[in-house]
Amino acid sequence: MQLITQSTYAQELFNNQVVTLGQPATDKQVSAAVLKSVNDLVNGATHIPTGGDLPATTTSNPANTAPATVQNLYAAQAATSTSIVLLGESHVNQPDHQRAEDYLAAMNATPPTLSPNLVVFERGLPYDAPHHIPVVRESNLTTARSNGGFVDFGMELSRTQRSRVVAGYLALCIGSGNQQDINRILLFYGANHDDIYTYVDYFARHTAAYYVLKETRNFFNIRSHA
């Protein structure tokens, strides 16, 4: 996995007309922009696997799933594999909020008891970034230069369209760099954004990152308490 700069991806989306400012975006428009942006930006892939595509393993797990369970999943991963864990939440649910804080504490422990190598936050979430782990914030993926200033075009996207933008970025990063890496991605996202899993595979399949589908992929959905 190679982390493509968030602002580079956002600007590429905007240049590829992911939205027309002042008008509602269409799903077709957003998907077309994401597909072109992934193709334009995928970079430096090495050790590309061959052979047939592998199905992703998707599991639905209870709301009280502990950080240790996720760490066990990470520890069991072989090379050339990706795990995407979505810590689904309702943004007004206190047990969900406390669980998120517990996960962050596990990442910040000395030594850490939870060790993703990428954390992604949905826009508007109040949590502090974990120490020493790369962080992606959704708003960074939707803020681009326009007419001498900046515009957050994510404000014009629907929930599912925002899922597509995030999934495209994940497919781009997973498909870039050494394909024998072990990718451990943790999403702090609303429970209804579990469509990100579907879109990751879609944007990989239909772009130059197609070989991601030949790699082991584990999508681990943790439900909200709500």
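Each residue takes its place number in the sequence, starting with 1. Any value given below was found using the heavy atoms of this structure, including those in side chains, with hydrogens, waters and symmetry copies removed.
Distance alone, capped at 3.5 Å, places no donor-acceptor pair between the T5 side chain and the T8 backbone. No side-chain donor-acceptor contact under 3.5 Å links T216 to the backbone of S81. Between the side chain of Q161 and the main chain of S158, a donor-acceptor pair closer than 3.5 Å is present. Under the 3.5 Å distance criterion, the side-chain polar atoms of E156 are left unmatched by any main-chain donor or acceptor of V19. Within the 3.5 Å criterion, the main-chain N or O of T65 finds no donor-acceptor partner in the side chain of T69. Looking only at distances, a side-chain donor or acceptor of N108 sits under 3.5 Å from a matching main-chain atom of H131. Of the possible donor and acceptor atoms, one in the side chain of N39 sits under 3.5 Å from a partner among the backbone N and O of A208. Between the side chain of T207 and the main chain of F203, a donor-acceptor pair closer than 3.5 Å is present. Looking at Q11, its side chain does come within 3.5 Å of a backbone N or O of R145 through a donor-acceptor pair. For T143 (side chain) and N140 (main-chain N/O), no donor-acceptor pair under 3.5 Å exists by modelled atom type.
Follow the hydrophobic side-chain contacts under 4.5 Å out from V42 and you reach I185 in the same cluster. Put simply, Y74 and L104 are part of the same group of oily side chains (I, L, V, M, F, W, Y) that touch within less than 4.5 Å, one to the next. In the hydrophobic cluster analysis, where Ile, Leu, Val, Met, Phe, Trp and Tyr join through side-chain heavy atoms closer than 4.5 angstrom, M1 is grouped apart from L213. The hydrophobic clustering, which links ILVMFWY residues whose side-chain heavy atoms are closer than 4.5 Å, places L172 and Y211 together. Y169 and V119 are not part of a single hydrophobic cluster, where members link through side-chain heavy atoms under 4.5 Å apart.
Residues N93 and E89 have side chains that never bring a donor and an acceptor to within less than 3.5 angstrom of each other.
Note that the OG1 atom of T80 and the CG atom of D181 stand 8.5 Å from one another [nearest 0.5 Å].
Two residues are said to be in side-chain contact when any heavy atoms from C-beta on lie closer than 4.5 Å; R99 and L87 meet this criterion. Between F220 and I84, every side-chain heavy-atom pair lies at or beyond the 4.5 Å cut-off. You'll find the side chain of Y9 reaches within 4.5 Å of the side chain of L41, heavy atoms only. Between Y210 and D53 the shortest side-chain heavy-atom distance does not fall below 4.5 Å. Two residues are said to be in side-chain contact when any heavy atoms from C-beta on lie closer than 4.5 Å; N192 and T160 fail this criterion.
Residues S146 and V151 approach most closely at CB-CG1, 3.8 Å, considering heavy atoms. Contact between S37 and A33 at its shortest, heavy atoms only, is OG-O, 2.8 Å.
Among T82, N183, D201, the single residue meeting the side chain to side chain donor-acceptor pair (under 3.5 Å) criterion with R217 is D201. Under the salt bridge (Lys or Arg N to Asp or Glu O under 4.0 Å) test applied with E138, the options R159, R164, R123 reduce to a single match, R123.
Heavy-atom neighbours of N147 CG from other residues, nucleotides or ligands within 6.0 Å: at or below the threshold of 12. In the displayed structure, Q180 atom CD is contacted under 6.0 Å by more than 12 heavy atoms of other residues, nucleotides or ligands.
Classification of the H97-Y127 ring pair by plane angle, with boundaries at 30° and 60°, yields tilted. Note: H193 and Y189 have perpendicular aromatic rings, judged against thresholds of 30 and 60 degrees for the angle between ring planes.
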Could you go through the side chain to side chain donor-acceptor pair (under 3.5 Å) check for S90 and D96 one step at a time?
CA-CA 7 Å; S90 168; D96 285 352; 5.1 Å; no
How far apart are the C-alpha atoms of E122 and R137, what are their side-chain angles, what is the distance that settles it, and do they pass the salt bridge (charged side-chain N to carboxylate O under 4.0 Å, His left out) test?
CA-CA 6 Å; E122 185 176 4; R137 295 196 182 272; over 6 Å; no
